[in-house]
2 protein chains.
Amino acid sequence: MDSFGDTIRKLREDNELPLRTVAAFLDIDQAILSKIERGQRKPTREQVVKLAEYFKVKETDFLVAWLSDKLVYEVEDEDIALKALQVAEEKVKYITKNKGKK
Amino acid sequence: MDSFGDTIRKLREDNELPLRTVAAFLDIDQAILSKIERGQRKPTREQVVKLAEYFKVKETDFLVAWLSDKLVYEVEDEDIALKALQVAEEKVKYITKNKGKK
DNA sequence: ACCTGTTTTGACAGATTTTGTCAAATTTAG
DNA sequence: CTAAATTTGACAAAATCTGTCAAAACAGGT
C-alpha cells in the first residue's frame, strides 16, 4: 500500500534521476521534492499533473493516489475516519446522481 | 441527504431560536453561524462539538456529518471523486489494521 | 406603510497554514 | 577522503481560514 510519495520515489530511482533534475522540471527546490517523496509535504495538484507527464503515467492514476492521500491525511486522527469516508461516499453518489436537476 | 448546515438549521428552527442565541453560545458572530448553516463556511471541530452539546445530540454523529462534509468539499470538483474516496477507505483500513506494528 | 427583530451580505483584518527558498548538515557511493 | 545527493530546519511570501462589523434585505405584526 504505497503512498504517492513512495510511488514517485521508486519511479525516480528506477530511472536513476537525482532530485535536482525532477525538481527542476517541476520548477521547485529539490528540498521540497525530497519532502514530498517522504510524505512530509503534500504536492499541489499541478505538481502531480506534471509528474504524471514526466514519468509518462496516466494522469488520472496519479490524481487518484494524490487525492486519496489528502483524504487520508484529513481524517487520520479521527477515530470516525472510516465512517466519515463512507458517508462522504454516499453524499458524493447522491450529488452526482442529482447533477443538473432542480 | 442533509449537509451539516441543514441539520443544525432545522434543529435551531425547531427550537425557535434566533441565530443570535446559538451564536452567543458558540462565542462567534451570528453572521458566521448564518453562513455555516447555509454551507458558505465550514465550522471548526470545536464548534461542532459545542453544537452537539447545545442540541443534545451525540457528538459522534455530528462529527461524522461534519467530517464527511469536509471530505465532499475536498473532492467535489474532481471527476475522480468517488474513486479517490474508495481508495482512501482502503488506505485507512490498511493503516488501522497495522496500527502499533513494526 | 411602518416598526421591530432576524437574517444575509460583503468589506475588512488578524491568525494560521501552505508553499517555497536557502544554506548547512548528513548521508551515500566511489 | 571526496564529491554528489539528500535531508533538515530556519525563514519569508502568499494564500486560506476565522472572525468582526455595519449595512442591506427580509419577515411578521399593527
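The chains referred to below are lettered A, B, ... by the order of the sequence lines, with proteins before strands, and numbering in each begins at 1.
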How many Å lie between CD on B/E13 and P on D/dC26, as a whole number? 17 Å
Does B/W66 use its side chain to pair, donor to acceptor, with the backbone of B/F4 at less than 3.5 Å? no
Could you state the atom-to-atom distance from CZ of A/R45 to C1' of D/dA15 in whole Å? 18 Å
Check whether A/S68 reaches the backbone of A/V64 with its side chain - one donor and one acceptor, N or O, closer than 3.5 Å. yes
Expressed as a whole number of angstroms, how long is the span from B/R41:CZ to C/dT7:C1'? 16 Å
Quick one, which residues of residues 16-33 of chain B touch DNA chain C with a heavy atom under 4.0 Å? B/P18, B/L19, B/R20, B/Q30, B/A31
In terms of side-chain geometry, is the basic nitrogen of A/K93 or A/E90 positioned less than 4.0 Å from the acidic oxygen of its partner? yes
For A/R12, does its backbone N or O pair with a side-chain atom of A/N15 as donor and acceptor, under 3.5 Å? no
Atom NZ of A/K42 and atom C1' of C/dT19: how far apart are they, to the nearest Å? 11 Å
At under 4.0 Å, does any side-chain N or O of B/R38 touch on OP1 or OP2 of C/dT9? yes
Kindly say if B/Q47 contacts the phosphate of D/dG19, meaning a side-chain N or O under 4.0 Å from OP1 or OP2. yes
Report yes if at least one side-chain N or O of A/R12 is closer than 4.0 Å to OP1 or OP2 of D/dT6; otherwise report no. yes
Take atom CG of A/D27 as the centre, draw a 6.0 Å sphere, and report whether it contains more than 12 heavy atoms from other residues, nucleotides or ligands. no
Short side-chain N/O contact from B/R9 to OP1 or OP2 of C/dT7, under 4.0 Å: no
Are A/F62 and A/I8 packed together at the side-chain level, in the sense that at least one heavy-atom pair is separated by less than 4.5 angstrom? yes
Kindly indicate whether the side chain of B/K35 and the base of C/dG10 share any N or O donor-acceptor pair separated by less than 3.5 Å? yes
May I ask you to evaluate whether B/S34 reaches the phosphate of C/dT7, defined as a side-chain N or O under 4.0 Å from OP1 or OP2? no
